[in-house]
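First comes the structure, then the notes that go with it.
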Amino acid sequence: MVPIMNALLMLIVFVLHGVINGERPAVVNIGAVLTYDSAIGRVAKAAIEAAVQDVNANENVLNGTRLNLMMEDSSCSAFIGAVAALKVLNKEVITVIGPQSSTIAHILSYLAGGFHIPLISFAATDPSLSSLQYPYFIRMTQSDSYQMAAMANLIDFYEWKQVIAVFIDDDYGRNGIYALEDELNNKRLKISYKIALPVGASRNKILELLQNSKAIGPRVYVVHASPDSGLEIFHAAQDLHMMAADFVWLATDWLSATLDTFELNKTHSLEYLQGVVGFRQYIPESQQKKAFESTWNRLHTRVSSSKLNTYGFYAYDTVWTVAHAINNFLDNSGNITFSLSNQIGDTRGHMRTDLIKTFDSGELLLQNLLSQNFSGSSGPIFFGTNRSLISGNYEIINIYGSDINTVGYWTNIVGLSFSFPETSHTNRQGNFTASKVLHKITWPGGMKMTPRGWIPSTRERPLRIGVPRRVSYLQFVNILTDNHTVQGYCIDVFHMALKLLPYEVPYQFVPFGDGHITPKYWSLVNMVANNEIDALVGDISIVTNRTKLVDFTQPYMSTGLVIVVPTRSTKSSAWVFLRPFTVGMWCVTGAFFFIIGIVIWILEHRVNSDFRGSPKRQCLTMFLFSFSTLFHSEQEETLSTLGRFVMMVWFFLLMVVTSSYTASLTSFLTVQQLQSPINGIDSLIATNDPIGYQEGSFSWSYMVNSLNIPRSRLISLRTPDDYEEALLRGPKNGGVVAIVDELPYIEIFLATKNGFGIVGQPFTRSGWGFAFGRNSPLAIDISRAILKLAENGDLQEIHKKWFCLHNCNIHRADNSKPNQLHLNSFWGLFMLCGIVTIAALLIFLLKAIRQFIRYKKAKSDASSITSCTKTIYCFFDFIDEKEEAVKKIFKQQQCSSQPEAS
């Protein structure tokens with residue numbers, strides 16, 4: 001492009017004319033480069049000519065100076081447009097209006113920068129026409145960056161996640177779609193497929209490209225074309241029956257420009273546009289607008305057969321903006337001079353700079369243009385920092401029948417709105433409810449409901465669903481070898497979820513795996529991410545790394561990693577009844593039986609005939625009474641107050657001890673105990689023994705990456721039989737110390753194998769889901785269906801069908817031996833009982849000694865001396881006597897002493 005420009009500039013010789021100094025010139029030359037034979041060009045040419053006439057007719061605008069319009073036809077060609085621009089520049093113009101094509105605008109912007117002549121375009125909307133790259137380029141219309149933000153907002157409002165972009169493959173089309181892609185990415189939406197149409201593409205080429213897009217899931221088409229060739233796209237879509245229900249067609253403002261120019265709504269030509277939604281640049285009502293419309297109606301039949309479109313308003317205002325800027329420029333300077341320059345702005349090429357004329361005051365005129373602020377026929381005219389017209393307002397139109405209806409508005413401040421917000425600065429995007437943002441839209445096929453905008457598959461291209469060909473745990477996914485039928489718990493859940501969808505989903509299962517080795521699920525997830533398959537159904541764990549690549553549905557089964565170890569039962573032990581108490585506990589309990597028996601005999605011997613008799617009988621009674629209290633079957637009744645008090649405390653102690661013994665013995669008889677020292681994930685990590693895991697499971701990566709377990713410790717296992725063999729052999733005989741796997745697999749393993757159990761709690765929390773491509777709407781719909789299955793109980797019924805044929809219980813092994821009862825747990829009770837027993841015995845002895853002293857005084861004289869040994873023997877003889885006999889002796893002594901005293 002630049003070499004062509006340089007070559008053209010080197011061939012042209014500019015002739016310097018006189019320099020006007022001092023006085024306001026009578027005539028000022030302005031240029032225009034348009035494509036005459038185009039929808040925009042025909043209207044713009046007439047509007048520019050009308051504006052020049054109006055400016056020249058108004059003496060107050062330029063104060064006697066007239067505008068001389070130099071116009072050339074670019075014929076919609078970049079090469080011819082460059083030549084036309086050079087012709088215009090050769091005529092000493094101080095500004096150039098146009099071009100309408102963004103492609104030509106790129107070339108002319110280089111020339112304008114080189115000659116310091118402002119280039120002001122009313123129709124070049126390419127967002128890449130930046131003021132930084134092209135300092136003399138001014139955009140007298142809205143950049144497509146506004147329009148694409150509006151389009152992304154509309155797509156997001158209707159919750160469409162993916163769209164197909166149809167565009168002309170030139171600077172205007174490509175850069176506009178790039179802007180749309182950026183806006184969609186900001187909303188986490190995307191363009192899933194792009195249809196780049198060659199410039200001037202034939203009907204057959206358009207049919208071919210559109211036909212290829214029908215195999216893609218999205219049904220939302222965004223058409224960004226030119227007004228002259230864009231309608232051909234809709235003709236082709238109608239031929240392919242793509243203007244029917246379930247399709248969505250969105251068009252940028254080129255469509256409204258075409259419809260307004262040719263008034264297609266007055267003819268039958270709208271039949272192939274039924275349901276299309278498009279944008280139109282918003283032109284507010286004003287006196288200036290009405291005045292220009294009146295002028296246009298007078299010129300319409302005489303000058304142009306086209307109707308007025310929005311670009312006509314911008315073209316008309318462009319001339320007025322130039323006129324006001326020139327007037328300010330002449331007031332401040334008054335000199336329009338040209339001179340030779342040694343540079344043209346593009347330093348990448350080399351040319352004869354002695355032949356180039358530049359506008360000496362181009363920068364000053366540029367600043368005057370950018371400082372304009374007035375009301376034109378298109379609305380307020382003022383420019384932003386990017387040297388583009390500040391507006392960003394669009395109408396949203398809907399074509400149905402013979403009418404073009406305005407269904408809403410979009411502004412860069414408010415966003416979508418039901419009506420145009422006059423006080424838009426006080427509103428904020430998102431303040432409108434869904435029912436009031438836009439009027440009702442009639443979609444293709446006459447649909448009133450909002451289309452899904454996406455179909456998962458067709459019968460010609462069914463959904464490709466990958467399923468793993470498992471080697472073990474076939475209850476989840478099983479592919480029958482005889483008829484290739486796919487069945488299992490995961491498959492049933494998927495089938496039930498599909499039945500709840502409000503639309504049909506043609507699909508086919510694609511098995512992966514050779515039947516000898518379970519495929520690695522990580523590779524299957526990558527296939528979904530790379531679009532090799534559309535979805536993955538099976539026992540797919542939802543883990544963080546996978547969610548970065550694909551979208552998962554709502555989990556249909558909760559899971560987590562657990563540890564399985566061998567167990568043994570204590571039911572066959574002949575001496576299990578001794579295990580609840582420790583040796584110390586048994587000894588202290590037995591000792592207290594003897595102590596209580598002796599103390600009760602002492603307390604009851606003098607008052608209770610059941611505790612008297614021959615020495616042999618008394619010893620037997622002493623011990624039988626003590627042990628019979630364990631079962632509350634004692635035949636002897638306690639009569640003494642001290643004895644009853646001791647028995648009360650003893651019975652309380654027995655109640656607590658026997659209850660604890662019974663509970664502990666029950667646990668010893670029912671709880672399975674471990675043969676392994678592993679009691680949780682911490683103890684498993686601390687060992688150096690081998691650990692088993694299921695082949696293809698994510699547990700390997702979790703243990704290596706998250707738990708930092710050496711890879712050398714991990715042993716791959718395939719089937720439940722391999723699990724059993726490895727656990728029974730143990731780490732010392734080539735087996736494993738434990739197996740780490742997901743809970744659903746372990747439930748099946750424990751239901752079919754005995755002697756194993758789960759230790760600890762699951763140390764990860766996750767679930768199983770179905771994997772789909774990123775931003776797949778089907779993932780959302782399937783998630784809703786899974787939630788419905790869980791709510792109505794169907795999910796549980798499927799679980800019972802596959803996993804509760806024999807037993808639904810989970811075998812868990814205790815992580816340690818059942819706790820024995822230690823003396824430390826009961827020492828308080830034993831101490832209380834001992835204190836009460838000793839206190840009762842002391843009270844009894846003190847009482848007995850007192851009676852013995854009294855009895856001794858009554859039997860002998862006070863002066864008689866008795867040896868200590870004899871006294872002790874006498875005391876024991878006294879205690880052995882019944883208390884009733886002692887009291888009788890005391891009574892007799894009292895009666896005999898009374899007569900002597902008298």
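The figures that follow rest on heavy atoms only: side chains count, while hydrogens, waters and symmetry mates do not. Owing to the predicted nature of the structure, the values given are computational and were not obtained by experimental measurement. Count residues from 1 along the sequence.
- Contact check for F122 versus T310: no side-chain heavy atoms found under the 4.5 Å cut-off.
- Using bins of under 30°, 30° to 60° and over 60° for the plane-to-plane angle, the ring pair Y110/Y134 lands in the perpendicular bin.
- Using a 4.0 Å cut-off between charged side-chain N and carboxylate O, R280 and D260 make a salt bridge.
- Side-chain contact between K307 and T261 is absent, with no heavy atoms from C-beta onward closer than 4.5 Å.
- Of the inter-residue distances, the one linking N368 atom CG with E363 atom CD reads 10.5 Å to the nearest 0.5 angstrom.
- For E59, the CD atom is loosely surrounded, since the number of other residues' heavy atoms within 6.0 Å does not exceed 12.
- Ion pairing between a basic and an acidic side chain is recognised when a charged N comes within 4.0 Å of a carboxylate O; E49 and K45 show such pairing.
- Between F167 and L197, the closest side-chain pair of non-hydrogen atoms is not below 4.5 Å.
- Closest approach of Y136 to G113, counting heavy atoms only: CD1-CA, 3.8 Å.
- For the pair V43/Y311, no side-chain contact is recorded, criterion being any heavy-atom separation below 4.5 Å from C-beta on.
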Pair Q100-S121, side-chain hydrogen bond (donor to acceptor under 3.5 Å, both in side chains): steps then yes or no: CA-CA 7 Å; Q100 66 200 56; S121 175; over 6 Å; no

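- Y409 and F420 have perpendicular rings, their planes meeting at more than 60° on a 0 to 90° scale where under 30° would count as parallel.
- In this structure, D126 does not pair ionically with R174, as no charged nitrogen and carboxylate oxygen lie closer than 4.0 Å.
- Contact check for N175 versus L129: no side-chain heavy atoms found under the 4.5 Å cut-off.
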Test log, rule side-chain contact (heavy atoms from CB on, under 4.5 Å), inputs I397 and V407: CA-CA 6 Å; I397 61 173; V407 296; over 6 Å; no

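- Note: N29 CG to L89 CG = 11.5 Å, rounded to the nearest 0.5 Å.
- A donor-acceptor pair under 3.5 Å is formed between the side chain of D317 and the backbone N or O of S378.
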Show, in sequence, the C-alpha distance, side-chain angles and deciding distance for Y193 and Q162, and conclude whether the side-chain hydrogen bond (donor to acceptor under 3.5 Å, both in side chains) test is met. CA-CA 9 Å; Y193 189 71; Q162 301 179 30; over 6 Å; no

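- With hydrogens and angles ignored, the 3.5 Å screen pairs a side-chain donor or acceptor of T35 with a backbone N or O of C76.
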What do the steps show when you test W254 against L231 for side-chain contact (heavy atoms from CB on, under 4.5 Å), and what is the final call? CA-CA 10 Å; W254 68 267; L231 292 179; 4.3 Å; yes

I'd like to know whether D331 forms a salt bridge (Lys or Arg N to Asp or Glu O under 4.0 Å) with R24, so could you lay out the CA-CA distance, the side-chain angles of the two residues, the decisive distance to 0.1 Å, and finally the verdict. CA-CA 8 Å; D331 288 341; R24 177 182 284 265; 2.4 Å; yes

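- Judged by distance alone, the side chain of T358 and the main-chain N or O of D360 form no donor-acceptor pair under 3.5 Å.
- Residues L259 and N309 fail the side-chain proximity criterion, which asks for heavy atoms closer than 4.5 Å.
- Contact check for P25 versus L330: side-chain heavy atoms found under the 4.5 Å cut-off.
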Please report the C-alpha distance between S75 and S77 in whole Å, then the side-chain angles of each, then the deciding distance to 0.1 Å, and finally whether the side-chain hydrogen bond (donor to acceptor under 3.5 Å, both in side chains) criterion is met. CA-CA 5 Å; S75 300; S77 168; over 6 Å; no

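- Aromatic rings from W249 and F234 are positioned such that their centres are separated by under 6.0 Å.
- Ring centers of F359 and F115: at least 6.0 Å apart, outside the cut-off.
- Here the closest non-hydrogen pair linking I164 and S192 is CG1-OG, 4.2 Å.
- Of all the heavy atoms in N56 and L67, the pair that sits closest is OD1-N, 2.8 Å.
- Rounded to the nearest 0.5 angstrom, I40 CD1 and L34 CG are separated by 10.5 Å.
- Of the N and O atoms on the side chains of S213 and Y221, at least one donor lies less than 3.5 Å from an acceptor on the other residue.
- Comment: K194 engages E181 in a salt bridge, judged by a side-chain N to carboxylate O separation of less than 4.0 angstrom.
- Around CG of N58, the count of heavy atoms belonging to other residues, nucleotides or ligands within 6.0 Å exceeds 12.
- Of the possible polar contacts, none joining the S229 side chain to the A225 backbone as a donor-acceptor pair under 3.5 Å is found.
- Residues T321 and F374 are in side-chain contact: their nearest non-hydrogen atoms beyond the backbone lie under 4.5 Å apart.
- Side-chain contact, T125 with Q142: no donor N or O sits under 3.5 Å from an acceptor N or O.
- Between H324 and W320, the ring planes lie tilted relative to each other; the angle falls in the 30° to 60° range.
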Start with the C-alpha distance between N90 and L86, add both sets of side-chain angles, then the distance that settles side-chain contact (heavy atoms from CB on, under 4.5 Å), and finish with yes or no. CA-CA 6 Å; N90 190 37; L86 292 174; over 6 Å; no

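- For Y394 and Y282, the distance between ring centers is not under 6.0 angstrom.
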Do I396 and V277 pass the side-chain contact (heavy atoms from CB on, under 4.5 Å) test, and can you show the C-alpha distance, the side-chain angles, and the key distance before you say yes or no? CA-CA 7 Å; I396 302 174; V277 176; 3.7 Å; yes

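- With rounding to the nearest 0.5 angstrom, the CH2 atom of W296 is 12.5 Å from the CZ atom of R298.
- Nearest approach of T141 to Q281, heavy atoms of both residues: OG1-OE1, 3.2 Å.
- We find the CD1-CD1 distance between I94 and I336 to be 4.0 Å, quoted to the nearest 0.5 Å.
- Here the CG-CD1 distance, from N393 to I283, works out to 9.5 Å after rounding to the nearest 0.5 Å.
- Closest of all the heavy-atom pairs between P284 and G379 is CG-CA, 4.0 Å.
- Among all heavy-atom pairs drawn from D228 and A39, the shortest one is OD1-N, 2.8 Å.
- Remark: the T406 side chain and the E395 side chain contain an N/O donor-acceptor pair separated by less than 3.5 Å.
- Under the side-chain hydrogen bond (donor to acceptor under 3.5 Å, both in side chains) rule, E285 has a single partner from Q287, K289, Q288, which is K289.
- Checked against ring-ring contact (aromatic ring centres under 6.0 Å, His included), Y172 has the following partners two or more places apart in sequence or in another chain: H224.
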